[in-house]
Amino acid sequence: MADAPATPPVMEQIVALAKRKGFIYPASDIYGGIRGFWDYGPLGVLLKNNIRDHWWNWMVECPPIGPDGEIVDMVGLDSAIIQHPKTWEASGHVAGFNDPMVDDKETKERFRADHLQAIFFLEPSPEMEIGKSYPVSADAPAADSIPHATVIASGPGEAASEIIANKAVRKLLGIKNVLSNMMVGASLGAPDYVTLWVESSRGNRYVYIRNIGQQFLAHGYEKTPSPYTAKAGALTEPRAFNLMLDTYPGPIRDESNKAYLRPETAQGIFLNFKNIVDTTRVKVPFGVAQIGKSFRNEVTPRNFIFRSREFEQMEMEFFCPPDDALKWYEFWKGERMKWWLSLGVEPSRLRFRDHDADELSHYSKATVDIEYRYPFTDPDYGELEGIAHRGSFDLTQHQEHSKQKLDYFDQELQLKLKEQGATPEEIKQRSRYIPNVIEPASGLTRAVLVLLCEAFTLDASRPSGVYLKFKPKFAPVKLGIFPLVAKDGMPEKARALYMELRTQFACEFDVKQSIGKRYARMDEIGTPFCVTIDGDTMSSDIVTIRDRDTQEQIKINISQVGEYVRERLK
RNA sequence: GCGGGUGUAGCUCAAUGGCAGAGCGCUAGCCUUCCAAGCUAGCUGUUGUGGGUUCGACUCCCAUCACCCGCUCCA
């Protein structure tokens with residue numbers, strides 16, 4: 001699979017194969033499809049359920065042993081997709097998912113208003129001096145919207161590499177060389193922008209001003225220069241794009257009934273924190289895991305099932321004492337990577353990526369992504385799972401909004417503090433707290449995509465031209481059972497074997513057409529093993545097992561087939 | 001949502017404005033002792049959808065939907 005050229009055509013082949021063999025269909029296909037939604041076909045649902053069950057087993061039924069050798073308490077949950085609307089006010093989604101956007105009417109680019117970055121043109125000249133101000137040029141802006149830049153310092157610095165690392169800027173400017181960077185101020189904004197003086201492929205030299213959004217929006221969008229052209233007046237009024245899908249439970253469609261389809265499964269866990277603590281015997285630290293559908297009104301669903309409006313998540317919220325949060329963060333980071341590797345994903349296609357400070361969500365103290373090198377991101381990586389240190393944000397928010405106490409009394413900590421000779425005051429204060437949360441949140445539907453990409457293997461030497469190299473445990477069908485030819489009692493014998501094994505794992509029984517064709521079909525859907533009943537079987541119960549990856553065949557007794565396959569499903 | 005591209009059978013693709021086709025596939029039968037063999041018979045289309053121009057539209061025009069690429073967003 002590493003040999004497959006990682007270009008868009010490969011992705012198209014994967015999408016085509018997924019549809020042709022019944023893994024994934026466009027939703028509402030006969031009506032022309034509906035953007036951002038996909039249906040999982042007969043094989044797709046088997047694959048998805050296999051991954052889902054593996055996660056549930058790994059996280060809930062048999063969770064990993066903790067960093068200090070302790071047993072980790074873990075329970076499951078399946079909360080409603082629609083929660084009380086206040087949930088999403090408390091979580092920050094109503095505000096955070098209403099990002100104001102502005103469009104550049106000329107270039108048709110769209111930007112988040114609070115993320116606006118502008119690029120101005122500044123023709124450098126030898127006369128420029130530190131401490132003096134110069135107007136940065138813009139094509140035809142209103143006079144009062146021309147910022148003046150004050151040169152505060154010059155010389156190379158850290159900002160240069162940071163800005164050069166900004167893909168969009170690099171591409172836009174065609175930056176060749178960084179000539180110098182300066183600290184400058186602009187007349188409309190704060191006096192501390194980092195700017196950069198570069199030589200570009202266009203032969204111009206530019207000044208780049210970061211994060212002008214906040215400051216310039218304060219002066220009105222009509223005076224805000226467009227990020228790319230620096231023209232004022234090109235931007236539209238900021239408009240909100242709600243990224244949550246809504247619905248109106250109850251007989252009357254009224255704003256007061258408005259509810260949201262959950263954009264993440266996590267909040268259902270926080271809402272049940274108190275219930276779980278009260279009704280089960282879990283003690284902090286413990287985790288609550290949930291698998292289910294989530295919905296986001298994505299602006300642009302793209303890249304097959306990578307970004308869809310309805311998707312499935314596998315999330316776990318791990319509640320721990322604030323003092324231990326970092327320890328557990330590191331622990332889950334490691335465990336989650338192990339889990340992805342257990343799917344049979346090639347290690348070199350996985351990586352961690354820490355979020356920068358300015359990239360962190362409003363709630364998070366630290367977040368790391370596990371990323372995968374998808375064919376459509378290659379050589380770059382795309383998100384697969386986020387592991388976030390959410391602090392006490394969620395429980396605190398829900399405590400405030402619901403007026404329900406969501407803190408936790410830690411009896412063990414109380415005892416420990418007593419032993420350490422802490423004062424009664426300190427004991428009282430520290431043993432009752434709002435737990436911190438470590439959240440590994442992964443996309444089940446993304447895992448399906450990863451396994452499809454990972455398994456997709458071109459092989460011109462075999463009749464199918466392609467096969468899916470799933471780890472046997474995750475293959476939708478485990479075993480093909482074929483009579484070599486449809487005569488001499490072979491079909492009957494093969495059918496009897498099928499009847500025996502179908503109760504143990506997913507088997508497919510096929511009599512039709514040539515044996516080669518049947519093998520080819522199994523290759524295409526990633527069936528790891530095929531067993532063939534031939535003349536030897538009829539005379540001495542010896543069958544042939546054919547391996548999908550090597551295409552090699554071995555002979556074993558018919559009575560050992562079940563055991564042979566089961567051994568390889570572990 | 002914006003810009004560009006694409007849309008014909010399950011798949012890959014043909015068809016000057018003039019009868020919608022081929023290969024693969026799929027189904028049934030025959031044949032067949034290990035990798036999509038062969039023979040026979042069959043299956044599949046409101047040419048993405050809806051309008052318009054025309055005697056006549058897969059073909060030209062408009063709208064719309066979906067997909068791909070870029071922007072934006074993002075598990």
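The chains referred to below are lettered A, B, ... by the order of the sequence lines, with proteins before strands, and numbering in each begins at 1. Values below: every heavy atom of this structure, side chains too, minus hydrogens, waters and symmetry copies. Please read all numbers here as calculations on a predicted model, not as lab measurements.
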For [X], answer base if it contacts any base atom (sugar-phosphate contacts may also be present), sugar-phosphate if it contacts only those atoms, and nothing otherwise; contact means non-hydrogen atoms under 4.0 Å.
X: A:Glu310; value: nothing
X: A:Gln551; value: base
X: A:Gly382; value: nothing
X: A:Leu444; value: nothing
X: A:Ser308; value: base
X: A:Phe304; value: sugar-phosphate
X: A:Arg446; value: base
X: A:Phe482; value: nothing

How far does the [atom1] atom of [N] sit from the matching atom of [M], given to the nearest Å?
N: B:U16; M: B:U32; atom1: C1'; value: 48 Å
N: B:G56; M: B:G18; atom1: P; value: 14 Å
N: B:U59; M: B:A20; atom1: C1'; value: 12 Å
N: B:C69; M: B:A75; atom1: C1'; value: 23 Å
N: B:C11; M: B:G17; atom1: C1'; value: 29 Å
N: B:C60; M: B:C2; atom1: C1'; value: 27 Å
N: B:G51; M: B:C67; atom1: C1'; value: 23 Å
N: B:U54; M: B:U72; atom1: C1'; value: 43 Å

Exercise. So with a 6.0 Å cut-off around CZ of A:Arg35, is the heavy-atom count from everything else above 12?
Worked result: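 Atom CZ in A:Arg35 is packed in, count exceeds 12.
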Exercise. When you match A:Phe37 and A:Glu315 each to their closest nucleotide on RNA chain B, which lands nearer the 5' end?
Worked result: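 With A:Phe37 and A:Glu315 compared, the 5'-side residue is A:Phe37.
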For this session: Specify the residue among A:Ala520 and A:Gln313 whose closest nucleotide of RNA chain B lies further upstream toward the 5′ end.
Result: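 Its nearest nucleotide lies further toward 5', so the answer is A:Ala520.
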Atom-to-atom span, [atom1] of [X] to [atom2] of [N] - whole angstrom:
X: A:Met11; N: B:C68; atom1: CE; atom2: P; result: 9 Å
X: A:Asp29; N: B:C11; atom1: CG; atom2: C1'; result: 14 Å
X: A:Asn303; N: B:U72; atom1: CG; atom2: C1'; result: 14 Å
X: A:Arg309; N: B:A75; atom1: CZ; atom2: P; result: 16 Å
X: A:Trp38; N: B:A66; atom1: CH2; atom2: P; result: 12 Å
X: A:Arg296; N: B:U72; atom1: CZ; atom2: C1'; result: 16 Å
X: A:Ile81; N: B:A75; atom1: CD1; atom2: P; result: 18 Å
X: A:Phe306; N: B:C73; atom1: CZ; atom2: C1'; result: 11 Å

Considering every strand shown, what is the Watson-Crick or G-U wobble mate of [N] when both distances are under 3.5 Å?
N: B:A66; result: B:U6
N: B:U16; result: none
N: B:A57; result: none
N: B:C34; result: none
N: B:C73; result: none
N: B:G29; result: B:C39

Exercise. Quick one: is B:C73 close enough that its OP1 or OP2 comes under 4.0 Å of any side-chain N or O from A:Asn297?
Worked result: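 The answer is no; no side-chain N or O of A:Asn297 sits under 4.0 Å from OP1 or OP2.
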Exercise. Phosphate oxygens OP1/OP2 of B:G10: is one of them under 4.0 Å from a side-chain N or O of A:Lys21?
Worked result: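 For B:G10, OP1/OP2 do not have a side-chain N/O of A:Lys21 under 4.0 Å.
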Problem set entry | Given B:C69, B:C35, B:C26, the nucleotide with the shortest approach to the side chain of A:Lys517 |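 Out of B:C69, B:C35, B:C26, the nucleotide with an atom closest to A:Lys517's side chain is B:C26.
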Problem set entry | A:Arg521 side-chain proximity, nearest of B:A66, B:C11, B:C26 |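 From the listed options, B:C26 comes nearest.
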Problem set entry | Partner of A:Phe376 by ring pair (Phe, Tyr, Trp, His ring centres under 6.0 Å), out of A:Tyr381, A:Phe306, A:Phe304 |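 Single ring pair (Phe, Tyr, Trp, His ring centres under 6.0 Å) partner of A:Phe376 among A:Tyr381, A:Phe306, A:Phe304: A:Phe306.
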Problem set entry | Between A:Trp332 and A:Phe318, ring centroids under 6.0 Å |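 Yes, ring centres under 6.0 Å apart.
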Is NZ or CZ of [X] both nearer than 6.0 Å to the six-membered ring centre of [Y] and within 45° of the ring axis?
X: A:Arg462; Y: A:Tyr467; answer: yes
X: A:Lys48; Y: A:Tyr40; answer: yes
X: A:Arg521; Y: A:Tyr519; answer: no
X: A:Lys333; Y: A:Phe352; answer: yes

For this session: Would you please say whether a donor-acceptor pair under 3.5 Å links the side chains of A:Thr367 and A:His389?
Result: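 The answer is no; no qualifying pair exists.
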Exercise. If you measure only the distance, is there a donor-acceptor pair under 3.5 Å linking the side chains of A:Ser91 and A:Gln397?
Worked result: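 Not at all, the side chains of A:Ser91 and A:Gln397 share no donor-acceptor pair under 3.5 Å.
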Polar-atom pairs under 3.5 Å, protein N or O versus N or O of nucleotides 32-34 of chain B: list them with distances, or write none.
{"residue": "B:U32", "atom": "OP2", "partner": "A:Lys487", "partner atom": "NZ", "Å": "3.4"}
{"residue": "B:U32", "atom": "O4", "partner": "A:Ala486", "partner atom": "N", "Å": "3.1"}
{"residue": "B:C34", "atom": "O2", "partner": "A:Tyr519", "partner atom": "OH", "Å": "2.6"}
{"residue": "B:C34", "atom": "O2", "partner": "A:Gln553", "partner atom": "NE2", "Å": "2.6"}
{"residue": "B:C34", "atom": "N3", "partner": "A:Tyr519", "partner atom": "OH", "Å": "3.3"}
{"residue": "B:C34", "atom": "N4", "partner": "A:Asp534", "partner atom": "OD2", "Å": "2.9"}
{"residue": "B:C34", "atom": "N4", "partner": "A:Thr544", "partner atom": "OG1", "Å": "2.7"}

For this session: Looking only at non-hydrogen atoms, find the nearest pair between A:Glu508 and A:Phe482 and report the distance.
Result: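 Looks like O-CE2, 4.3 Å.
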